[in-house]
Amino acid sequence: MTMSVDWYLRRLSRMGPREVGGRVVDAVRRRRWRSARPDCPSVTDALFTAVLPAGTIAAIAPDAAKRLIADADRLMYGHAEYFGVVRDDLVHPDWWCDPKTGRRAPWGYAFDVPYRNEDAVGDIKQIWELSRHQYLTVLAAAYAITGNERYAERVAEHLRSWWAANAPLRGVHWISGIELGIRLLSWVWIRRLLDGWQGAAGLFEGNPVALNQIWHHQRWLAAFPSRGSSANNHVIAEAAGQFAAACAFAWFPSSARWRAGALRSLERHLEGNTFDSGLNRELATEYHGLVLELGLAAVAEADAAGVPVPASIRPVLLRMTDALAAVVDNRLRPPRQGDADDGHGLVVDGTGTDRWASLLATGDAVFGRLDWWPGVTGTDVRTTLLAALIEPTEPAVPRPASRPAHFADAGLTILRGPEEIWCRCDGGPHGFLSIAAHAHADALSVEVRHDGVDVLADPGTYCYHGQPLWRQYFRSTLGHNTLQLDGADQSVSGGPFLWTRQARSRVLVADACGDGVANWAAEHDGYQGSVHHRRVELTAAKQELRVVDEVRGPRRDVRLAFHLGPAIAADLVGNRAALTWIRDGEGRSAVLDLPGQLSWRAHRGETDPPLGWYSAGFGRKEPATTLVGTGCADDAASSGEFTTVLRFGG
């Protein structure tokens, strides 16, 4: 995928004067840095003191340690999976090769590499992911737990290989600030977890190559922060990584300045990226998790180094943790909203560890759980490590006395019923900042689960670069459980991370605690000349969810989509679908009565165009049934209102 002149003009139109000025300065600096690469200042008497307190490793739960070591052993044999691509080449990795396409990124000055062009570079996510070095934090943690030096030696071998292959400002790994920030955070934790190994100091503080890399990473981040319309989760990763490194590797003349600047940025952008309710403003749940992980890791580093943090930072992380506890279903699964790319801030756990349970466990250890929080029964390694460094506090801010169901600023409402019925209703802003990079055209969509199983599912994300048709589908209006008019999306896309016109939604009713009936209603103006209005009622006694769609405006062609989860089998006859699935070995069922004014068809695994897919994670997709009704809406006739009823146990 290459960016056209039209794309650059559209992108420029979403920037303000200050951002444009900042990007001009960045462009000038990049040209100057092409030939001016200063050497790292000499460092003497460097010591790493940000070690784990005694007894931390011994406190790790045995089952969490077992999962971690199992993953570490697979890595030692060279096996891993990233974004649906299985790899067996990690004994001696090629840092520049995309295993999906077989292409190698070109060598050269970093800012000349056309990383968006898959034909020239390969899948950039596949190339970048390994070089976040989060698999090395797993190996380092395995060394800390077992004392087996083979893990430490493999980490050292791979770091030396990476440093040799990726000179500062040369190649694909020096393009994106989020990659540099997360990589720095990984290096901090690698050094910490290898502290008992006799080669640790020689690998880091006693190694001029390592010092040069650490210094150049921080110099880069200080020079090229994400700006303006791009100041989303990326800028938080940049600030968190730089702050962590400037605390733990505080060996350079600029360390104090870098630390102070990163902390200011972190304070500003954590607050700016978070609604007062605690939800992330990108309205993309996985980025809520990423930002929370990064924030907790930064506070851990501050406390380990004895660096005071601004008073606002801990309350933001507390609000985010309480919000997460409020929105998860009974199996601790949060909404599948907006973009998701499997990004993590700090990885020290094995496969099978629940990310969201881990975050709630850390929140409990750091802030204390509230009575209404869901229970967490699983274990993880990361909570033990972070909690050993973070000073437990309960910021003196109000916390919800009962479980919130409606987040007015985010436009998100959770309706809950008996038998573990969970329903997310979306009536919030389209996305964050002027480009809303990680938003989907999903206004008024619903997401319904029964005991944690996706029944009416949000299909997910699947890809970012290189596959424009799939990117378009998974973020489209038709790709969500909502209504489409005249074949158009509610919001207008200007590129894979750019929206040039954004639908405006407003919630009219949000009564999640009604007397046996929970009600929600909202509308949006995304269709020129027409308004889509939707009501949702969840009746507890009947285990029934009723969705009523109304189109107000001139006669329009309608497509109403309901995406079923991959576990759901559907038998569609006319406008009634019998749904069945298995949960914990037990058969479950529901009946979906669809609007009779529309003609209904079931779609599954279609590719031309894409329809009927579910993406459980980035780079992975599987066929799933999508029910699509087509017809027309006329505000002067009864056909302008469409009623869908989902009954469980039927």
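Only this structure's heavy atoms are used, side chains among them; waters, hydrogens and symmetry mates stay out.
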Using 0.5 Å steps for rounding, measure from the [atom1] atom of [X] to the [atom2] atom of [Y].
{"X": "Ser445", "Y": "Asp426", "atom1": "OG", "atom2": "CG", "value": "4.5 Å"}
{"X": "Ile145", "Y": "Lys66", "atom1": "CD1", "atom2": "NZ", "value": "13.5 Å"}
{"X": "Leu579", "Y": "Leu456", "atom1": "CG", "atom2": "CG", "value": "8.0 Å"}
{"X": "Tyr614", "Y": "Ile568", "atom1": "OH", "atom2": "CD1", "value": "10.0 Å"}
{"X": "Ile421", "Y": "Thr539", "atom1": "CD1", "atom2": "OG1", "value": "10.0 Å"}
{"X": "Leu270", "Y": "Leu294", "atom1": "CG", "atom2": "CG", "value": "8.5 Å"}

Basic-acidic side-chain contact under 4.0 Å: [X], [Y]:
{"X": "Glu606", "Y": "Arg604", "answer": "no"}
{"X": "Glu550", "Y": "Arg534", "answer": "no"}
{"X": "Asp339", "Y": "Arg471", "answer": "yes"}
{"X": "Asp451", "Y": "Arg588", "answer": "yes"}
{"X": "Arg331", "Y": "Glu420", "answer": "no"}
{"X": "Arg647", "Y": "Asp593", "answer": "yes"}
{"X": "Asp342", "Y": "Arg620", "answer": "yes"}
{"X": "Arg501", "Y": "Asp525", "answer": "no"}
{"X": "Asp380", "Y": "Arg67", "answer": "no"}
{"X": "Arg333", "Y": "Asp454", "answer": "yes"}

Donor-acceptor contact below 3.5 Å, side chain [X] vs main chain [Y]:
{"X": "Asp349", "Y": "Val381", "value": "yes"}
{"X": "Thr477", "Y": "Ala441", "value": "yes"}
{"X": "Thr137", "Y": "Val347", "value": "yes"}
{"X": "Asn519", "Y": "Asp511", "value": "no"}
{"X": "Thr625", "Y": "Leu564", "value": "no"}
{"X": "Gln490", "Y": "His524", "value": "no"}
{"X": "His438", "Y": "Leu283", "value": "no"}
{"X": "Asp409", "Y": "Asp276", "value": "yes"}
{"X": "Arg403", "Y": "Ala326", "value": "yes"}
{"X": "Thr274", "Y": "Val316", "value": "no"}

Any [X] side-chain heavy atom under 4.5 Å of [Y] side chain:
{"X": "Glu523", "Y": "Leu508", "answer": "yes"}
{"X": "Arg355", "Y": "His344", "answer": "yes"}
{"X": "Trp470", "Y": "Lys621", "answer": "yes"}
{"X": "Leu386", "Y": "Leu346", "answer": "yes"}
{"X": "His563", "Y": "Trp613", "answer": "no"}
{"X": "Leu385", "Y": "Ile60", "answer": "yes"}

Check the orientation of [X] and [Y]. Use parallel for under 30°, tilted for 30 to 60°, and perpendicular for over 60°.
{"X": "Phe497", "Y": "Tyr464", "value": "perpendicular"}
{"X": "His79", "Y": "Tyr77", "value": "parallel"}
{"X": "Phe83", "Y": "Phe618", "value": "perpendicular"}

Could you report the tightest heavy-atom contact between [X] and [Y], atom names first, then the distance?
{"X": "Gln502", "Y": "Leu433", "answer": "NE2-O, 3.9 Å"}
{"X": "Asn481", "Y": "Ala457", "answer": "ND2-O, 3.0 Å"}
{"X": "Ala633", "Y": "Val558", "answer": "CB-CG2, 3.5 Å"}
{"X": "Leu279", "Y": "Ala410", "answer": "CD1-CB, 3.7 Å"}
{"X": "Cys425", "Y": "Leu415", "answer": "SG-CD1, 4.0 Å"}
{"X": "Tyr527", "Y": "Arg556", "answer": "CB-NH2, 4.1 Å"}

Donor-acceptor side-chain pairing of [X] and [Y] below 3.5 angstrom:
{"X": "His603", "Y": "Thr626", "result": "no"}
{"X": "Asn280", "Y": "His288", "result": "no"}
{"X": "Asp341", "Y": "Tyr287", "result": "yes"}
{"X": "Thr362", "Y": "Thr383", "result": "yes"}
{"X": "Ser277", "Y": "Arg319", "result": "no"}
{"X": "Asp442", "Y": "Gln337", "result": "no"}

After noting the C-alpha distance and the side-chain angles of Val448 and Trp422, does the key distance pass the side chain to side chain contact (heavy atoms under 4.5 Å, CB included) rule?
CA-CA 6 Å; Val448 181; Trp422 176 98; over 6 Å; no

For Trp373, run the side-chain contact (heavy atoms from CB on, under 4.5 Å) check against Asp364, Val328, Leu324 and tell me which one passes.
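Exactly one pass, corresponding to Asp364.
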
Taking salt bridge (Lys or Arg N to Asp or Glu O under 4.0 Å) as the test, write out the residues that go with Arg382, two or more places apart.
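Partners of Arg382 by the salt bridge (Lys or Arg N to Asp or Glu O under 4.0 Å) criterion, ordered by chain and then number, come out as Glu293.
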
For Asp549, the option from His533, His532, Arg535 that meets side-chain hydrogen bond (donor to acceptor under 3.5 Å, both in side chains):
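Result: among His533, His532, Arg535, His532 is the only option passing the side-chain hydrogen bond (donor to acceptor under 3.5 Å, both in side chains) with Asp549.
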
Taking atom [atom1] of [X] as the centre, report whether more than 12 heavy atoms of other residues, nucleotides or ligands fall under 6.0 Å from it.
{"X": "Arg583", "atom1": "CZ", "result": "yes"}
{"X": "Asp371", "atom1": "CG", "result": "no"}
{"X": "Gln543", "atom1": "CD", "result": "yes"}

Quick one: do Ser615 and Phe474 satisfy side chain to side chain contact (heavy atoms under 4.5 Å, CB included)? Show the steps, please.
CA-CA 9 Å; Ser615 175; Phe474 274 100; 4.0 Å; yes

Begin from the C-alpha positions of Phe407 and Thr413 and carry the test side chain to side chain contact (heavy atoms under 4.5 Å, CB included) through to its verdict.
CA-CA 6 Å; Phe407 298 80; Thr413 306; over 6 Å; no

Go through Leu592 and Val645 one step at a time and tell me if the side chain to side chain contact (heavy atoms under 4.5 Å, CB included) criterion holds.
CA-CA 6 Å; Leu592 186 61; Val645 181; over 6 Å; no

Under 6.0 Å between the ring centres of His440 and His480?
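So the answer is yes for these two rings.
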
